[in-house]
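Have a look at the structure below, then the notes.
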Amino acid sequence: RDGYTRVVLVVIQRAPLRECFTLMDAVGINIERMTIGSDGLAQWAAGRPGVVEGETEAVLDIDSGHADLVVTQDGELQYTRSILVGAAELAEDEARWSDKLVSEAQQALEICRAESPELEVARLLLTGCAALPDALAGALGEALELPVEQLGPGQALQDDPAGVDLDDAVGKAVSVT
């Protein structure tokens, strides 16, 4: 909007990041850079095969205890919101928590659209934990009026030239948080 400036402020303790770098160094993994939270999710979405330049996408990443919704365009984070519904809640009471997650995602996209009407979200990428309710993608697509592309935990590795065994990789994925 004219007359407004967007400011993103990130506050993080150095100790947890140092622990991650130290751990990776100890096992012989060289880290060139580290992205955190929503920015990392936006960069992941932009780097996957089949991304259309200039297209705006929403990504809903469902972790065990929460979900992150990001809107990204050309690898740039445009909007982000954490939703306090995760896979654990969905497993506990699927109907109740699915409705809550869909409602929160819908509200977040409405806010994004109000703040940045020039962004036209083309699709929702649904990713995260391996076991998501079957009906969730359909409910999200209907409520958000978007096509939903569901990506399992190993699908981001499918075009890896290193020849990753997806069946093996899915069971051994590691998140350093």
Side-chain angles (χ1 to χ4, degrees), residues 5-92 97 101 104-105 108-109 111-112 115-116 119 121 123-132 136 149-177:
T5 301
R6 259 187 211 192
V7 177
V8 176
L9 175 65
V10 177
V11 178
I12 188 166
Q13 294 180 348
R14 287 187 210 155
L17 286 179
R18 281 194 194 122
E19 287 176 22
C20 290
F21 277 97
T22 301
L23 174 64
M24 295 297 140
D25 190 46
V27 295
I29 298 174
N30 182 27
I31 299 175
E32 293 178 16
R33 76 179 168 157
M34 181 181 291
T35 59
I36 56 173
S38 298
D39 186 50
L41 188 55
Q43 289 184 26
W44 167 81
R48 58 178 229 299
V51 174
V52 178
E53 188 175 326
E55 196 169 69
T56 303
E57 295 179 313
V59 182
L60 183 61
D61 180 51
I62 303 174
D63 205 345
S64 60
H66 74 286
D68 286 312
L69 178 82
V70 302
V71 175
T72 181
Q73 185 177 49
D74 294 330
E76 297 291 325
L77 182 63
Q78 302 295 321
Y79 177 85
T80 183
R81 179 168 174 190
S82 285
I83 299 171
L84 296 177
V85 176
E89 288 81 12
L90 292 169
E92 172 190 308
W97 291 107
L101 179 62
E104 292 283 331
L109 273 185
I111 292 168
C112 176
E115 289 180 358
S116 303
L119 295 176
V121 178
R123 80 178 57 77
L124 174 72
L125 303 175
L126 180 61
T127 187
C129 291
L132 294 174
L136 184 59
E149 182 180 339
Q150 192 164 352
L151 301 174
Q155 285 180 279
L157 303 174
Q158 284 182 342
D159 292 328
D160 189 333
V164 173
D165 178 350
L166 290 179
D167 292 330
D168 188 47
V170 169
K172 296 182 180 175
V174 176
S175 173
V176 181
T177 54

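When a residue number appears, it is its place in the shown sequence, counting from 1. When reading the values below, keep in mind they use all heavy atoms of this one structure, side chains included, and skip hydrogens, waters and symmetry mates.
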Look up atom CG in D61 and atom CD1 in I83, then write down how far apart they are to the nearest 0.5 Å. 11.0 Å
Can you establish whether the number of heavy atoms outside E92 located under 6.0 Å from its atom CD is more than 12? yes
Counting only N and O atoms by type, is there a donor-acceptor contact under 3.5 Å from the side chain of Q73 to the main-chain atoms of G54? yes
Checking T127 side chain against L151 main chain: does a donor-acceptor pair fall under 3.5 Å? yes
Taking every non-hydrogen atom, the tightest pair across V71 and T56: CG1-CG2, 3.5 Å
Return the minimal non-hydrogen interatomic distance between L69 and A105, and the atom names on each side. CD2-O, 4.2 Å
Within a strict 4.5 Å, meaning less than it, do heavy atoms of the I29 and L23 side chains meet? no
In short, R123 meets L125 closest at the heavy-atom pair CD-CD2, 3.7 Å
Spacing of CG belonging to L136 relative to CD belonging to Q150, to within rounding of 0.5 Å: 7.5 Å
Could you give the distance from CG (L41) to CG (D68), rounded to the nearest 0.5 Å? 6.5 Å
For the residue pair A45 and V51, what are the closest heavy atoms and their distance? O-CG2, 3.2 Å
If I take atom CE from residue M24 and atom CG from residue N30, how far apart are they, to the nearest 0.5 angstrom? 12.0 Å
What distance separates I111 CD1 from R81 CZ, expressed to the nearest 0.5 Å? 5.0 Å
Using every non-hydrogen atom in the two residues, find where L90 and W97 come nearest and quote the distance to one decimal. CD2-C, 3.7 Å
Reported OG-to-CD distance for the pair S38 and Q43, which is rounded to 0.5 angstrom: 11.5 Å
Close side-chain approach of L124 to L109, heavy-atom, < 4.5 Å: no
How close do C20 and I31 get, heavy atom to heavy atom, and via which atoms? O-CD1, 4.4 Å
